[in-house]
**Student:** 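Just passing along the structure, written as structure tokens.
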Amino acid sequence: MRYLSIYFTNLLCDYLAIKKPELKDKVYVFTMSQGNRIMVTASSKEAEKQGIFANSVLADAKALVPDILAFDDKIDFNKKLLIRIGKWAIRYSPIVAIDLPDGIILDSSGCSHLLGGEEKYLESILNKLKESGYNCRGAISDTIGTSWAVARLGRKSPIIGQGQQYNALLNLPPMALRLEQHIIQRLHKLGFDKIGKFIQLPASMLRRRFGQEFLLRLSQALGTEEETIIPIIVKPPYEERLFCLEPIRTKPAIEIAIEKLLQALCERLAKEGLGIRSAELKGYRLDGRVTETKIGTNQPTHLVPHLAKLFELKIDQIEPDLGIELFILTATKTEPVHVAQEKLWSGKPGLADQSLAQLLDRLAGKVGPQAIRRYIPQAHYWPERSLRPAVSLEEKTEIKWQKSNPRPMEMLHKPASIQVTAPIPDYPPMNFRYRDELHLVRKADGPERIEREWWMEPGEHRDYYILEDDKGRRYWVFRSGHYDEEHSAWFLHGFFA
Amino acid sequence: MTGEKQEILARLRQQISAAQGFKPSPIATSDGFGLGEIEACFPNDVFPTGTIHEFLAEHPEDAAASEGFIAGLLAKLMRNGNSCLWISHNRKLFPPSLETYGVDPQQIIFLDLYYTKEILSVMEEALKCEGLACVLAELPDIDFAQSRRLQLATEKSHVTGILLRKEPKRSLSATACSARWQIKPQPTEILEGIPGVGNPRWEVNLLKVKNGEGGKFYIEWAEDKFAPFESQETNPQPQTTTLPERGLIA
């Protein structure tokens with residue numbers, strides 16, 4: 001295992017200087033009140049030169065530099081910042097963890113050869129960070145402990161060869177072992193100002209004087225004790241990466257990248273009998289931004305041409321800007337795939353048809369999945385609620401469409417108010433006026449009373465009539481509530497064929 | 001000799017219509033659509049599937065009547081279990097009503113789009129999918145080039161396309177559709193003295209037929225199939241406002 005530890009010397013202050021370039025070369029600090037004192041939590045490089053470090057009191061700092069600028073620190077602000085940097089660093093390794101308060105750790109095993117060896121790998125990361133304005137140091141070694149120590153306190157090469165952690169630690173001070181403050185103080189008091197001075201001592205003696213914690217840290221740094229990191233993003237099981245030699249900007253190049261990734265991913269999925277239901281393509285751009293493209297399918301599939309087609313519809317939304325240097329394709333949702341239909345049975349009709357499912361996937365990519373609907377019946381008499389959109393293509397229900405009473409071919413989204421002449425209660429109207437046209441009713445059917453579902457909403461019931469006018473046109477009208485000469489409200493709700 | 005010539009002519013006619021996109025469909029050869037004499041208007045006396053049909057509906061009442069008539073056709077088109085795509089902008093169709101005409105509303109996939117361009121491009125793509133029985137699109141207007149693209153798409157896949165033109169705004173120009181229909185509601189009939197409304201009845205105007213002749217027919221939907229009926233000429237329809245026509249059949 002190889003671990004890369006990155007240490008940010010002035011994390012918060014560098015971040016602020018990136019946001020506000022005018023702060024460059026100024027003396028400024030972050031502060032937070034503790035009890036009734038205001039403490040410095042982070043200081044800029046210039047402030048450090050003046051002797052102002054974290055954990056000093058702001059009043060003392062002001063005594064040193066009267067015109068010091070102080071900014072409010074927030075709890076966990078550095079954590080948020082580190083997570084953001086860590087997410088950016090995922091392009092260098094899939095496993096990235098934050099290392100509070102001021103560093104990140106990358107599991108660089110098997111990653112460095114992509115950039116031509118560990119030296120160039122480390123150089124590339126640090127240069128990128130420095131270009132964006134962070135002062136940072138880094139080191140690579142076999143253990144997290146040694147990387148941490150060398151990144152912060154190392155004087156020589158930042159790359160510690162395999163099994164070399166013992167030699168690397170010898171000349172470093174005890175604080176390189178990530179110990180608590182009182183242990184470090186005790187070590188110094190006893191004259192142990194270098195790790196080399198006590199590393200040879202018997203373990204039983206060290207444990208008696210400095211505790212179990214001290215021994216654990218020492219063996220973690222040496223690699224005799226296992227240490228794990230918690231990645232900020234857990235690598236999904238079905239993911240493929242494509243590192244581009246040159247930043248990619250053109251559409252054909254993106255197409256090739258998608259095809260390559262899909263081939264690798266689908267081969268794995270096919271072996272395991274799985275298919276993609278949704279997938280995500282991330283493009284890591286040169287300027288540090290990440291483009292995201294998502295696709296979804298109606299049926300699990302691992303057919304490369306079909307999935308490539310779905311992505312192709314979305315390529316126009318990818319903005320490569322200066323160029324994309326890394327593509328990551330993730331199958332965010334997988335399902336067992338139905339065994340592929342042989343040609344002999346490929347004419348499977350209806351909604352199970354493969355070509356239909358593929359068509360709908362393409363259309364969903366084009367016009368959005370919310371535009372595609374299929375309806376299934378719902379056990380309600382209230383017309384607007386008698387059907388609901390189906391969740392999937394396969395969804396079926398035991399409920400039948402209610403057939404006892406005819407329903408209109410077209411139904412208005414909102415019933416239209418009409419003026420009606422009705423002879424006596426519960427008789428169909430004699431005529432009605434809709435959109436300034438008087439319709440003389442020749443034939444009528446009804447009423448069909450539909451009660452409002454009072455447990456869902458308040459309101460009047462509806463008495464529906466089917467009316468046919470003198471020109472043979474058929475309408476669905478209703479009276480809201482009981483007949484009442486003054487307050488009866490009539491509405492036109494639909495047209496019959 | 002003349003008999004021989006007629007045979008040759010008939011064969012040539014069939015070849016011409018085949019070249020123009022008419023192919024005898026398996027549905028039509030079995031027992032037809034039950035449209036009676038309307039089918040005689042079409043080449044070879046069969047209702048053509050695998051082409052584009054155009055329906056005009058000036059008023060919402062006409063649109064409902066057209067949808068009822070189309071639902072009757074869909075029942076036949078979809079009977080081997082295939083599904084149908086219904087593309088529209090501001091759809092008013094109430095799916096449960098399709099059940100009356102023998103169409104399972106669950107088999108229909110609705111696409112609600114906003115732009116006419118989008119409707120056309122989606123329809124063209126859908127017409128290329130052989131797993132569908134029919135693709136229907138509601139849109140007000142279409143020009144010749146657009147309809148030609150759709151027609152070409154159906155010729156390859158044999159999917160039937162239906163254009164329902166609700167409240168067409170432009171005057172009617174030529175399209176590449178194989179038939180132009182206009183369906184209007186007709187007064188129903190019911191036994192004297194009994195209240196209620198009878199079976200849906202329509203006046204079917206075949207305004208244009210490619211390689212055939214149009215006509216005016218009266219048809220009703222009774223007992224789950226189309227049935228012709230005699231129009232009551234005693235009560236002639238005063239409003240037979242046909243839209244102004246322009247151009248020839250393409």
Side-chain angles (χ1 to χ4, degrees), chain A residues 346-360 362-363 366-368 370-377 383 386-387 389-390 393 395-397 400-403 406-413 428 442-446 466-476 494-497, chain B residues 59-69 71 78 80-83 85 90 92-101 104-114 118 121-122 125-126 128-133 183-188 190 195-198 200-203 221 237-239:
Chain A
S346 68
K348 205 176 171 189
L351 299 167
D353 190 277
Q354 291 242 326
S355 63
L356 175 63
Q358 293 185 3
L359 170 77
L360 291 178
R362 287 199 301 278
L363 294 181
K366 213 180 223 177
V367 298
Q370 74 284 349
I372 302 175
R373 291 190 191 91
R374 195 172 71 88
Y375 292 96
I376 57 174
S386 61
L387 72 170
L393 266 185
E395 191 182 358
K396 291 220 164 59
T397 161
K400 293 266 185 297
W401 296 101
Q402 78 97 5
K403 261 177 134 173
R407 287 287 173 260
M409 208 69 219
E410 291 213 324
M411 201 165 88
L412 298 175
H413 300 302
R442 287 288 146 86
K443 294 191 186 73
D445 207 348
I466 303 168
L467 304 180
E468 183 180 301
D469 75 356
D470 49 335
K471 287 171 190 159
R473 297 171 290 187
R474 289 170 283 277
Y475 303 89
W476 209 37
F495 305 93
F496 276 93
Chain B
H59 306 288
E61 294 90 344
D62 298 346
S66 306
E67 279 162 3
F69 183 78
M78 289 166 67
N80 58 359
N82 275 353
S83 33
L85 227 60
N90 195 14
K92 292 206 197 80
L93 179 86
F94 189 54
S97 62
L98 294 168
E99 188 90 313
T100 321
Y101 300 92
D104 182 6
Q106 296 190 48
Q107 288 282 344
I108 296 189
I109 295 156
F110 294 96
L111 271 121
D112 296 325
L113 307 174
Y114 190 76
E118 224 170 37
S121 78
V122 165
E125 181 150 8
K128 289 176 189 159
C129 174
E130 286 170 24
L132 283 168
I183 317 284
K184 287 178 173 179
Q186 281 283 303
T188 61
I190 199 152
V197 177
R201 287 185 158 189
W202 306 297
E203 176 194 309
W221 183 262
Q237 301 297 307
Q239 45 96 243

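Here the structure is a predicted model, which is why all the values come from computation and not from measurement. Throughout, protein chains are lettered first and strands after them, A, B, ... in sequence-line order, and every chain is numbered starting at 1.
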**Student:** Identify which part of B:S66 has an atom lying under 4.5 Å from any heavy atom of chain A, answering side chain, backbone, both or neither.
**Tutor:** neither

**Student:** Please give me the minimum heavy-atom distance between B:L113 and A:A371, naming the atom from each residue.
**Tutor:** CD2-CB, 4.0 Å

**Student:** For A:Q358, is it the side chain, the backbone, both, or neither that has a heavy atom closer than 4.5 Å to a heavy atom of chain B?
**Tutor:** neither

**Student:** From A:R407 CZ over to B:E99 CD, what is the distance, rounded to the nearest 0.5 angstrom?
**Tutor:** 12.5 Å

**Student:** Tell me, side chain or backbone of B:D62 under 4.5 Å from chain A's heavy atoms, or both, or neither?
**Tutor:** neither

**Student:** Do B:T100 and A:P406 come within less than 4.5 Å of each other through their side chains, counting heavy atoms only?
**Tutor:** no

**Student:** Taking all heavy atoms of B:F94 and all of A:P383, pick out the closest pair and write down the distance.
**Tutor:** CZ-O, 3.5 Å

**Student:** Using the side-chain hydrogen bond (donor to acceptor under 3.5 Å, both in side chains) criterion, which residues pair with A:Y375? Sequence neighbours excluded.
**Tutor:** B:R91

**Student:** Please name the pair of heavy atoms, one in A:A497 and one in B:P200, separated by the smallest distance, quoted to 0.1 Å.
**Tutor:** O-CB, 3.7 Å

**Student:** With a 4.0 Å cut-off on N to O distance, would you call A:K366 and B:E125 a salt bridge?
**Tutor:** yes

**Student:** Side chain, backbone, both or neither: which part of B:A71 has a non-hydrogen atom closer than 4.5 Å to chain A?
**Tutor:** side chain

**Student:** Should A:L356 and B:N82 count as side-chain neighbours, where that means a heavy-atom distance under 4.5 Å?
**Tutor:** no

**Student:** Hey, could you give me the CD1/CG distance between B:I109 and A:L360, rounded to the nearest 0.5 Å?
**Tutor:** 4.5 Å

**Student:** Given heavy-atom pairs under 4.5 angstrom as the criterion, report whether the side chain, backbone, both or neither of A:A444 touches chain B.
**Tutor:** backbone

**Student:** Working to the nearest 0.5 angstrom, can you tell me the gap between A:D445 CG and B:T188 OG1?
**Tutor:** 9.5 Å

**Student:** Which region of A:I466, side chain (C-beta onward) or backbone (N, CA, C, O), has a non-hydrogen atom less than 4.5 Å from a non-hydrogen atom of chain B, or is it both or neither?
**Tutor:** both

**Student:** May I ask you to decide if B:Q106's main-chain N or O and A:R374's side chain share a donor-acceptor pair within less than 3.5 Å?
**Tutor:** yes

**Student:** Side chain, backbone, both or neither: which part of B:W221 has a heavy atom under 4.5 Å from chain A?
**Tutor:** neither

**Student:** Where on B:Y114 is there a heavy atom nearer than 4.5 Å to chain A: the side chain, the backbone, both, or neither?
**Tutor:** neither

**Student:** So do the side chains of B:L98 and A:M409 get within less than 4.5 Å of each other, counting heavy atoms only?
**Tutor:** yes

**Student:** Mind ranking A:K443, A:E410, A:Q402 by heavy-atom pairs under 4.5 Å with chain B and telling me who comes out on top?
**Tutor:** A:E410

**Student:** Heavy-atom cut-off 4.5 Å, strictly under: side chain, backbone, both or neither for B:I183 against chain A?
**Tutor:** neither

**Student:** Using only atom types and a distance under 3.5 Å, with no angle test, would you say the side chain of A:E468 pairs donor to acceptor with the backbone of B:V197?
**Tutor:** no

**Student:** Any non-hydrogen side-chain atom of B:H59 less than 4.5 Å from a side-chain atom of A:F495?
**Tutor:** no

**Student:** What's the shortest heavy-atom distance between A:L359 and B:C129, and which atoms?
**Tutor:** CD2-CB, 3.9 Å

**Student:** Of the backbone (N, CA, C, O) and the side chain (C-beta and beyond), which part of B:I108 lies under 4.5 Å from a heavy atom of chain A, both, or neither?
**Tutor:** backbone

**Student:** Under 3.5 Å, side chain of A:R474 to main-chain N/O of B:Q186, donor-acceptor pair present?
**Tutor:** yes

